[in-house]
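Just so it is clear, the model here is predicted, and its values are computed rather than measured. Just so you know, ligand 1 is whichever comes first in the structure, and atom 1 is the first atom listed for that ligand.
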Amino acid sequence: FQLPQHGRPMTNKRRLPCTRLRSTLEEEDVKTIGSDAAPHNKKTTKLVSSQSLDIPTNLISDEDIMLDLSSYENSLLSSWDESSQAGFDWEIEKLRRYFAGLRQRPDGSWVQKDSLFEFLITHTPKKYCWRRRQRGAIRGAAETTIGFGPSLGMAAVPDAVIQKYEGSFFSFIKGALGGDLQTLAGGPLFLLLAKYYQVHGPIFNLSFGPKSFLVVSDPVMARHILKSSPEQYCKGMLAEILEPIMGDGLIPADPKIWKVRRRAVTPGFHKRWLNSMIDLFADSADCLADDLIMKSQTKETVDMEERFCSVTLDIIGKAVFNYDFGSVTKESPIVKAVYRVLREAEHRSSSFIPYWDLPYADQWMGGQVEFRKDMEMLDNILAGLINRAVETRSEASVEELEEREVGEDPSLLRFLCDMRGEDLTSKVLRDDLMTMLIAGHETTAAMLTWTVFGLSESDPGLTKEIQAEVRTVMAGKDRPTYDDVFKMKKLRYALIEALRLYPEPPVLIRRAREEDTLPAGGSGLKGGIKVLRGTDIFISTWNLHRAPEYWDEPEKYDPTRWERPFSNPDIKDWLGYNPEKISSQFLYPNEIAADFAFLPFGAGKRKCIGDQFAMLEASVTLAMLMNKFDLTLVGKPEDVGMKTGATIHTMNGLNMKVSLKSEEIPETNDWWAQQHLSRGFSVNGRPFEQVAGGAK
Ligand code: HEM
């Protein structure tokens, strides 16, 4: 599956976010794609893309919608090159295209008619249709309340249901029977949700067979749901899926258990502990650097995604239970088992049929047998570590533990075990630790991977700015301190910008425990939206983080954006993004600064417990790399590709050439400040009217 490109041209399908942006986008629309509003004025319409085509516009009728080159469908179409257009698979694919409403013009271009399956999407009634409202067809807000709830509809499939999947029709059938949403959606599920968001707006209902989900892509609705979790909304199907792996760990825990465990685990992440972790992060980054020095000498290509996964696995093993996986330097059966368990957890979380619950599945289903064995191996290791910690338990109050020297064993396990008054069982500890192993490993690796990717495909000025910052702050040092990380703002913004474009996970899952009414937000529905008890909800962070309603140039990797405010009065009750709200306690602009349009670590009471840990870890690792090395992408950015489970991975690895740093502190020519000025802001990103005296 191909990666949608950052900075792709705006298309006629995009909605226009606010007055300030509108004029520039409209200009761009006409220039780049020949919107359906004005195609007849021109002889041909130039599509600006790597696949440029000249399309005679007399072939475009009013009803036809030109296929958006950055769209979901276009990625599917381009995955069938000429050599694969043969045989049974191809016949099925042709049928799929037909049913999905895709029609090819004699000139080779594609248009989109209504799909045969459109009726399966329950959404705002046609007269309140999102697109028509955006085009100005509907003035004012609709005076209605619509309700969504779990539906036991017919076996419903989205329009991309029959899709080439790993090259074989049989693997498609296998995936479909196994309930793999990714197979059914024909690609990463969140891209399907992004497509429907463009058409149906900030809230719609999606059905897969007997399952249906309310898909929410609105910050005001997201704020309501997340702030009323866990009382009003629980983890629902996510908990059901993850329970066999994480037990009652914090992520799947039901609200009652969660309350007790969250209260117990939170003190473990105290500031002194985080401070002491810096050395652990730096030791692991040193191991990585040694390896990269060798690769730079032999001029070998390095898969940086794989390297980041190894570093973060080693770190989380040491930090959580004082176990050295040593995966940067060696491959072991344990490391392989961890990865297989992670893959299975991801697969389960994107499957709507609990195949793992089939009778005796772990005795006869190939993958499940392996999974059982892997879990046994990991459980045995954890049991050994927990027993050892319990045997050497030395109880103390939380305050005493926070003051205690970290010593030989800095792990969370040690902290939790020694906490006075906690009624601990091995099962509780095992569930908490397993949860943190899974939650804290590939998420951080993905943030690092997509940051390096984002930098590699951006203007070189950006990398120079960050290198200059890192090399200035770290002058004469091998590793940064806690305070240094706070000083490296550009570096941290580069990291958090990667989480905006590649949120991990790209959807948050909730289930309504009681009937509720969501606020209208940008939907325009005055009475709000009624949610029935039991409704499964997907909050699409992917859509929230990439919608032009909430971000300027949303597809662009641009870490400078975090210094500029953004607002959109069209989204009722949304306060916009305000950099002045970034708390000095946090290492990143959090959900409050963006009023819930940005949820890199979730929000509300069930927000990530490891956010500061992850930001510190990634900042130290990246700073040490950028201090020593220059990294250059091998091949084209499109070759990197994207696939997903709970986190977004590359399809083909992040292959890079590494060279030892070429210069001390690069000359930047004020590149960063120029970004603000070129967008009509002052040098520090503030609007001119807010700068004292209005001076530039
Ligand atoms: C870049 C790295 C990370 C990202 C993007 C991330 C993201 C998230 C998100 C979005 C949630 C909320 C899920 C929801 O609302 O359903 C979450 C929860 C959680 N994360 Fe992280 N996480 C990261 C690193 C970590 C680390 C390093 C740890 C542990 C050391 C961790 C442990 C947890 C736990 C235990 C929860 C559940 C919290 C609760 O329900 O009380 N995460 N994470």
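- Less than 4.0 angstrom separates some heavy atom of Thr444 from each of these atoms of ligand 1: 1 (C), 2 (C).
- Atoms of ligand 1 lying under 4.0 Å from any heavy atom of Gly440, numbered from 1 in the order shown and given with element: 25 (C), 26 (C), 27 (C), 28 (C).
- Met436 CG, 3.7 Å is the protein heavy atom nearest to atom 29 (C) of ligand 1.
- In terms of N/O distances under 3.5 Å, ligand 1 is not approached by Lys605.
- The protein non-hydrogen atom at the shortest distance from atom 36 (C) of ligand 1 is Ile251 CG1, 3.6 Å.
- For ligand 1, the polar-atom distance check against Glu504 finds no nitrogen or oxygen pair separated by under 3.5 Å.
- Between Phe308 and Trp450, the distance from one ring center to the other does not fall under 6.0 angstrom.
- Comparing Cys608, Pro230, Ala446 against atom 18 (C) of ligand 1, the shortest heavy-atom distance belongs to Cys608.
- Partner His545 forms a ring-ring contact (aromatic ring centres under 6.0 Å, His included) with one of Tyr502, Tyr550, Phe598 and no other, that one being Phe598.
- The residue among Gly249, Ala253, Ala439 with a heavy atom at the shortest distance from atom 32 (C) of ligand 1 is Ala439.
- Using modelled atom types, one side-chain atom of Glu305 and one backbone atom of Thr650 make a donor-acceptor pair closer than 3.5 Å.
- Interface atoms of ligand 1 facing Met447, defined by a heavy-atom separation under 4.0 Å, are 1 (C).
- The single protein non-hydrogen atom nearest to atom 13 (C) of ligand 1 is Leu508 CD2, 4.0 Å, given as residue, atom name and distance.
- Checking only distances, Arg606 does come within under 3.5 Å of ligand 1, N or O to N or O.
- For the pair His441 (side chain) and Cys309 (backbone), a donor-acceptor distance under 3.5 Å is present.
- Of the candidates Tyr588, Phe601, Phe613, Tyr233, the one placing a heavy atom closest to atom 11 (C) of ligand 1 is Phe601.
- Atoms of ligand 1 found under 4.0 Å from any heavy atom of Ala614, numbered from 1 in the order shown, are 1 (C), 2 (C), 24 (C).
- Remark: minimum distance from atom 15 (O) of ligand 1 to any protein heavy atom is reached at Arg510 NH2, 2.8 Å.
- Cation-pi geometry between Arg500 and Trp551 is met: under 6.0 angstrom from the ring centre, within 45 degrees of the axis.
- With Trp258 as the aromatic partner, Arg261 does not meet the cation-pi criteria of under 6.0 angstrom to the ring centre and within 45 degrees of the ring axis.
- A donor-acceptor pair under 3.5 Å is absent between the side-chain atoms of Thr266 and the main chain of Arg263, judged by distance alone.
- The closest protein non-hydrogen atom to atom 24 (C) of ligand 1 is Thr443 OG1, 3.6 Å.
- Using a 4.0 Å heavy-atom cutoff, Met615 is absent from the residues neighbouring ligand 1.
- Judged by distance alone, with hydrogens and angles left aside, the side-chain atoms of Tyr577 form a donor-acceptor pair with the main-chain N or O of Trp562 at under 3.5 Å.
- Using modelled atom types, no side-chain atom of Thr621 and backbone atom of Leu448 make a donor-acceptor pair closer than 3.5 Å.
- Distance alone, capped at 3.5 Å, places no donor-acceptor pair between the Trp574 side chain and the Gly521 backbone.
- The protein heavy-atom contact nearest to atom 35 (C) of ligand 1 is Ile609 CG2, 3.6 Å.
- Counting atoms of ligand 1 from 1 in the listed order, those under 4.0 Å from a heavy atom of Lys607 are 38 (C).
- Listed by number with element, the atoms of ligand 1 under 4.0 angstrom from any heavy atom of Pro600 are 5 (C), 7 (C), 10 (C).
- Aromatic pair Phe613/Phe281: centroids less than 6.0 angstrom apart.
- Polar contact with ligand 1: present for Trp258 (N/O pair, distance under 3.5 Å).
- Checking side-chain atoms of Lys235 against main-chain N and O of Ile251 turns up a donor-acceptor pair under 3.5 Å.
- With ligand atoms numbered from 1 in the order given, ligand 1 contributes 10 (C) to contacts under 4.0 Å with heavy atoms of Pro505.
- Annotation: atom 38 (C) of ligand 1 to nearest protein heavy atom, Arg262 NH1, 3.3 Å.
- Taking every non-hydrogen atom of Ile316 and a distance limit under 4.0 Å, the qualifying atoms of ligand 1 come out as 30 (C).
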For this session: Carefully, step by step, assess Phe204 and Tyr197 under the rule ring-ring contact (aromatic ring centres under 6.0 Å, His included).
Result: CA-CA 8 Å; Phe204 58 88; Tyr197 168 66; 8.0 Å; no
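- Proximity of Cys234 to Arg511: side-chain heavy atoms (C-beta onward) are separated by under 4.5 Å at one or more points.
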